[in-house]
Amino acid sequence: MAELTWPEGLSPAVKSGKRRTHSASYAASDPTVAPLYLKNISTDQPTTWDVNFVLGKYDADYFWRWYTDTIEGGRRHFIMPIDTEFGLTQQKVIFDPETAITVTQQGALFSYSARLICRTFAIPAVSSALKSASLYNDRNAALEAINNACI
């Protein structure tokens, strides 16, 4: 079965607002009782996003039909483009079953607030363009330091 994706043509939460949280994969001992030590408890580090997006009336209708029919009321995972510090990344997410989608309406605009869960935060490989840019910036910093030392 093909993976489900965010509806084509809808603006994802990438443009409206979001907050990301990562779970810890370790636990710490109580430092008031004994020396501090860290213990790995999992290799699984789910990421959650609290997202908000605003849609016009027709896009809201399209979204709600996709939500109820395609992903079965939020019960199925889907791929969503999310803007991160790594650029636009494709994350496999699901709506958090512990929270409901909040919908508010102001005129013809509908605001949706929800929490998305991502089992594994996808970090893309470093592109050659980014590597070149980093090397270029390092080279300029080195040349500037040499020039400043010579003055």
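- Ring geometry for W49 against F121 counts as tilted: the plane angle lies between 30° and 60°, on a 0 to 90° scale.
- Using the six-membered ring where Trp is involved, Y112 and F53 have ring planes that are parallel, under 30° apart on the 30 and 60° scheme.
- Interatomic distance, CD1 of I101 versus OG of S113, reported as 9.5 Å (0.5 Å rounding).
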Candidate pair Y58 and F110, rule ring pair (Phe, Tyr, Trp, His ring centres under 6.0 Å), full reasoning: CA-CA 10 Å; Y58 297 109; F110 293 81; over 10 Å; no
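- To the nearest 0.5 Å, the span separating OG1 on T70 from CG on L4 amounts to 7.0 Å.
- Contact annotation: the side chain of W64 never approaches that of D69 to less than 4.5 Å [non-hydrogen atoms, C-beta and beyond].
- When atom types are taken as modelled, the side chain of Q91 and the backbone of A122 share a donor-acceptor pair closer than 3.5 angstrom.
- With values rounded to the nearest 0.5 angstrom, R75 atom CZ is found 8.5 Å from Y67 atom OH.
- Between the side chain of W6 and the backbone N or O of L10 there is at least one donor-acceptor pair closer than 3.5 Å.
- With values rounded to the nearest 0.5 angstrom, T48 atom OG1 is found 8.0 Å from D96 atom CG.
- Within the 4.5 Å cutoff, the side chain of I82 has no heavy atoms near those of the C118 side chain.
- Atom NE2 of residue H77 and atom OG1 of residue T5 lie 15.0 Å apart, to the nearest 0.5 angstrom.
- For E8, the CD atom is loosely surrounded, since the number of other residues' heavy atoms within 6.0 Å does not exceed 12.
- In this structure, the side chains of E3 and K92 come closer than 4.5 Å at one or more pairs of heavy atoms.
- The number of heavy atoms from other shown groups lying within 6.0 Å of CD (Q106) does not exceed 12.
- Side-chain contact between I117 and F95 is absent, with no heavy-atom pair separated by less than 4.5 Å.
- Residues I94 and I79 fall into different hydrophobic clusters, defined by Ile, Leu, Val, Met, Phe, Trp and Tyr side chains chained together at heavy-atom separations under 4.5 Å.
- Under a 4.0 Å N-O distance rule, the pair K57/D61 does not qualify as a salt bridge.
- Taking the side chain as every heavy atom from C-beta outward, L55 and Y62 never approach each other to under 4.5 Å.
- Note: T99 OG1 to D50 CG = 8.0 Å, rounded to the nearest 0.5 Å.
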